[in-house]
Every structure is written in C-alpha cells, then in structure tokens.
Amino acid sequence: MEQAITLTRHILEGQKAHPGATGEFSALLTQIALAGKRISFELSRAGLLGKTGLTGGTNIHGEAVKELDQISNDIFVDCFEYLDLVSMVVSEEMDTAASLKGKSKTGKYSLYIDPMDGSSNIEINESLGSIFSIQKNTNGAETEKDLLHKGSDQLTAGYLMYGPCTMLVIAYNNQVHGFTLDMGLGEFILTHPNIRIPSRGKIISLNAGNASKWDKGLQNYLKYTQEQTEKEKLFSYRYSGTFVSDFHRILLKGGTFLYPGEVKKPEGKLRLLYEVAPLGFVCEAAGGKASTGKERVLDIQPTEIHQHVPVIIGSAENVDEILTYLSH
Ligand code: AHM
Ligand code: MG
C-alpha cells in the first residue's frame, strides 16, 4: 500500500506538471470523488434502511423517481454548491438547470450529471453508476441555451461505478484513468492507469427485446452476430441494464454497447448531455468510437438539455462494422 497512488496524489502531481495550473481542475475532481464516496455510503445502507423505493414523483422523462435518484442528485448539488466554481448543474433528475450562483457570480464551469444511472436495478442490489461531465463556460452560463455545448468541448467526463468495489473512471487530456475506492482509507487508489479499449472485442451489450422495432440493417447485424456465435463463438451477449456497468465491461474487455433508436422513436432512450456524450468522451480518449449511427456523438450540437440520442459505443473495429449494416 506504501506505493499506492491516491487520487489526491495523482491530482497534485498533475498540477505540478502544469506550472500555470490554478488548482480549479483539482478542486472539481476532488468534489466528484467526494460525491462518489457519499453516494457509495448511502447505497451500502439503502437496503437496510428501506431507502430503495420511490419518491412518488416523476422526472422530465416520465420516469418514476427513486429515493436514491433524489438522494444522489442532492449529494452532487451539495458537493458543488459552496465551491464557487460551478455555476449551473444539468441533471437527469432536475427539470430545469439549477443555478449555483447564490454566493458569487464566479462559477467558470457547468456540471452535467446522471446522478443514479441504472436506477431500475436499485431494489435488486445490481451494480449502479453516476455519470458526470464538466464544461467550461465560454460565454458565461446564464440560460439553458448557454449550456448546449458539443461533447468534444468537455473538459473532463467520467463515471462512478458502484459494484462490488466503487470505481471512479476519469477522462481528460486524452487519457483515461481508473481508481478504486479503498473503504478503509476513504481514498480512491489508482488501479487502472491509462486505460485503452481493445480495438476489437466479443462482448455485445443491448436490450434484444427491442430488436423488432429497430432498423432492418441493425436487425441483420444482430442475426449475423447470432450466426457467428453459433459457428465460432465470435460474440458473447452481456446486459445489466446499467449503462455505466455495461460500458465499463466494454471499456476493459472490448466489444460494443448499443441503445439504438426505434423506427417509431428514432431518438432512442439515453440522454446526450449527461449519459451518451460523457461516456463517448471516455471511450474516444481510450481509443474507441461512439456514434449515433449517423454521426460521431461528440460532434452533435445539442438543441435542448434533456435531448435523447441513439448510441453505438465501444471498440473501434466493432463500431465501424455495425455502421456498415445500418440503412441510411
Ligand atoms: P436511468 O438513468 O434512469 O437509470 O436510465 C438509463 C438506463 C441505462 O443505464 C440503461 O442502459 C438503460 O436505461 C436500460 O434500459 P432498458 O431497460 O430499456 O434496456
Ligand atoms: Mg442513466
């Protein structure tokens, strides 16, 4: 353990390597880590304290809000409220962007979060996640329109994964690093430095129950993977229903995660600003690809904060292969 690189040490060393650094980036990452520790703690007791149920409310997407959706959202807001660095927060659990400019008007950054990803898995004690993205406010951030930045402009993005261990995966400067929470020390330890996604992989992660509603080309791709699997075991299907966990498996093992649009609902289910763009940023920084089927995820100019987009994300060769199947 003596040689362990904690997140704090990693951040401070990064700061030293950039003499002009203001310490702001370090402060932002420290608060993300704090939010992750607090949510992880809440999750570890939720089953015992009977906090796995619904609040009775519905979010902007028409989904029933779980108690832990609300708790995690409040934790993120609380961790950034007093910092004076983040001026606006966009969250899956808040209908409109929240302004954190109560104390001063200096917030230079905006935060985008899916505070509890995979919340339908809460009551079965399945792996869950939180997704985050931070953008620099180029022209101030007064209105929701000012928050509609392309994914390629993200300063940093990543996720927390609450599995058997809690992990923090962060992408910035074209690098991806993974940290594992040591519960005893209360510190994230660098366990996965410089993650690179395999250029090709066997895993396919999708909800096959929706296949009859997809584009014909994608149905043909699914058929092809089934035939190949029968013949040569070229593919293997894995799906947990938590985007973070399904993506994490792809990041480490290679393959593709898909949540396509349907012919009658082409925009798909997942949200651009706080689900698809952040994980797209992580994937590209690790050497992979993220596409909607029509364009690179990070090139999309958002038109509204809760926008949905289809996604095909993972190993570059797998994503390219899927794109050749799609009808345009
Ligand atoms: P959530 O953020 O409200 O939990 O919803 C997003 C989740 C993703 O984590 C997951 O990939 C997807 O919804 C699963 O959807 P489905 O049950 O339709 O397969
Ligand atoms: Mg989600």
Side-chain angles (χ1 to χ4, degrees), residues 35-36 39 42-43 46 52-55 57-73 75-76 89-95 111-133 151 157-163 167 169 203-214 218 222 237-251 255-283 290 292 297 305-314:
I39 294 171
E42 291 292 337
L43 284 172
T52 57
L54 301 166
T55 61
T58 345
N59 69 14
I60 186 102
H61 305 286
E63 300 156 344
V65 178
K66 300 264 169 78
E67 279 175 274
L68 282 162
D69 285 322
Q70 194 59 57
I71 292 170
S72 330
N73 187 75
I75 287 177
F76 267 102
V89 182
V90 172
S91 165
E92 180 179 320
E93 302 306 338
M94 297 192 290
D95 294 1
L111 173 71
Y112 304 76
I113 46 168
D114 175 357
M116 186 47 57
D117 178 49
S119 42
S120 67
N121 282 328
I122 288 172
E123 58 269 57
I124 57 151
N125 197 28
E126 167 68 274
S127 171
L128 299 156
S130 299
I131 306 176
F132 66 88
S133 156
Y159 55 89
L160 286 135
M161 188 175 88
Y162 314 106
M167 282 196 73
V169 174
I203 312 282
I204 306 210
S205 194
L206 46 75
N207 187 340
N210 297 328
S212 64
K213 300 179 214 153
W214 296 344
L218 206 50
L222 186 62
Y237 297 81
R238 294 282 185 278
Y239 191 71
S240 73
T242 297
F243 186 25
V244 163
S245 314
D246 288 326
F247 172 74
H248 187 71
R249 184 189 291 112
I250 301 290
L251 184 68
T256 347
F257 172 93
L258 297 95
Y259 209 109
E262 296 169 3
V263 174
K264 290 193 183 149
K265 195 183 163 207
E267 70 279 14
K269 173 180 183 185
L270 300 182
R271 281 59 56 131
L272 175 62
L273 284 175
Y274 41 81
E275 291 182 317
V276 176
L279 297 199
F281 188 79
V282 174
C283 191
T292 63
V297 161
I305 60 168
H306 294 294
Q307 184 174 346
H308 297 243
V309 284
V311 62
I312 302 164
I313 185 169

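Residue indices begin at 1 and follow the sequence shown. Computation of the quantities below employed the complete heavy-atom set of this structure, encompassing side-chain atoms and omitting hydrogens, waters and symmetry-equivalent molecules. One-based numbering, in listed order, for ligands and for the atoms of each.
- For atom 10 (C) of ligand 1, the nearest non-hydrogen atom of the protein is Gly241 O, 3.3 Å.
- No option in Tyr259, Tyr239, Tyr237, Phe247 other than Tyr239 meets the side chain to side chain contact (heavy atoms under 4.5 Å, CB included) test with Ser205.
- Atoms of the protein (N, O or S only) found under 2.8 Å from the Mg ion (ligand 2) are Asp114 OD2, Asp117 OD1, Glu275 OE2.
- Those atoms of ligand 1 that come under 4.0 Å of a heavy atom in Glu275, given as number and element, are 2 (O), 6 (C).
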Give the intermediate values and the outcome of side chain to side chain contact (heavy atoms under 4.5 Å, CB included) for residues Ile113 and Val89. CA-CA 8 Å; Ile113 46 168; Val89 182; 4.0 Å; yes
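- Those atoms of ligand 1 that come under 4.0 Å of a heavy atom in Phe243, given as number and element, are 8 (C), 9 (O), 10 (C), 11 (O).
- Within the 4.5 Å cutoff, side-chain heavy atoms of Leu206 are placed close to those of Leu222.
- Protein heavy atom closest to atom 18 (O) of ligand 1, with residue, atom name and distance, is Tyr259 OH, 2.6 Å.
- The contact set between ligand 1 and Thr242, taken as ligand atoms under 4.0 Å from a residue heavy atom, comprises 9 (O).
- Contact annotation for Asn207 and ligand 1: only side-chain heavy atoms (C-beta onward) come within less than 4.0 Å of the ligand.
- Note that the CZ atom of Phe76 and the CG atom of Leu111 stand 7.0 Å from one another [nearest 0.5 Å].
- Heavy atoms of His61 found under 4.0 angstrom from ligand 1: none, in either backbone or side chain.
- Contacts between Arg271 and ligand 1, counted as non-hydrogen atom pairs separated by less than 4.0 Å, involve the side chain only.
- The closest donor-acceptor contact from the side chain of Glu67 to the backbone of Gly53 lies under 3.5 Å.
- Residues Met161 and Ser127 have side chains in contact (heavy-atom distance under 4.5 Å, counting atoms from C-beta outward).
- Each of Leu43, Asp117, Val244 was evaluated against Leu128; a single residue qualifies, Leu43, per the side chain to side chain contact (heavy atoms under 4.5 Å, CB included) test.
- Aromatic ring pairs are classed by plane angle as parallel below 30°, tilted from 30° to 60° and perpendicular above 60°; the pair His61 and His306 is perpendicular.
- Remark: minimum distance from atom 14 (C) of ligand 1 to any protein heavy atom is reached at Tyr239 OH, 3.2 Å.
- Applying the 6.0 Å contact sphere to CG of Asn125 captures no more than 12 heavy atoms from other residues, nucleotides or ligands.
- Given atom 4 (O) of ligand 1, the protein heavy atom at minimum distance is Gly118 N, 2.7 Å.
- Annotation: the span from Glu92 atom CD to Ile305 atom CD1 amounts to 12.0 Å, rounded to 0.5 Å.
- Every atom of ligand 1 is numbered from 1 in the order shown, and the set under 4.0 Å from a heavy atom of Asp114 is 2 (O).
- Here the OG-CG distance, from Ser91 to Asp69, works out to 9.0 Å after rounding to the nearest 0.5 Å.
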List the steps, then state whether side chain to side chain contact (heavy atoms under 4.5 Å, CB included) holds for Leu279 with Phe257. CA-CA 11 Å; Leu279 297 199; Phe257 172 93; over 6 Å; no
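- Under a 4.0 Å criterion applied to the non-hydrogen atoms of Asp117, ligand 1 contributes the atoms 2 (O), 4 (O), 6 (C), 8 (C), 9 (O).
- The part of Phe257 lying near ligand 1 is the side chain, judged by heavy-atom distances below 4.0 Å.
- From the protein, the heavy atom lying nearest to atom 13 (O) of ligand 1 is Lys269 NZ, 3.0 Å.
- Proximity of Val244 to ligand 1, defined as any heavy-atom pair under 4.0 Å, is not found for any part of the residue.
- At least one heavy atom of Ser119 lies less than 4.0 angstrom from ligand 1.
- A 4.5 Å side-chain heavy-atom check between Thr292 and Val297 finds at least one atom pair inside the cut-off.
- Remark: minimum distance from atom 3 (O) of ligand 1 to any protein heavy atom is reached at Glu92 OE2, 2.8 Å.
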Please walk me through it: do Lys66 and Glu123 pass side chain to side chain contact (heavy atoms under 4.5 Å, CB included)? CA-CA 10 Å; Lys66 300 264 169 78; Glu123 58 269 57; 3.3 Å; yes
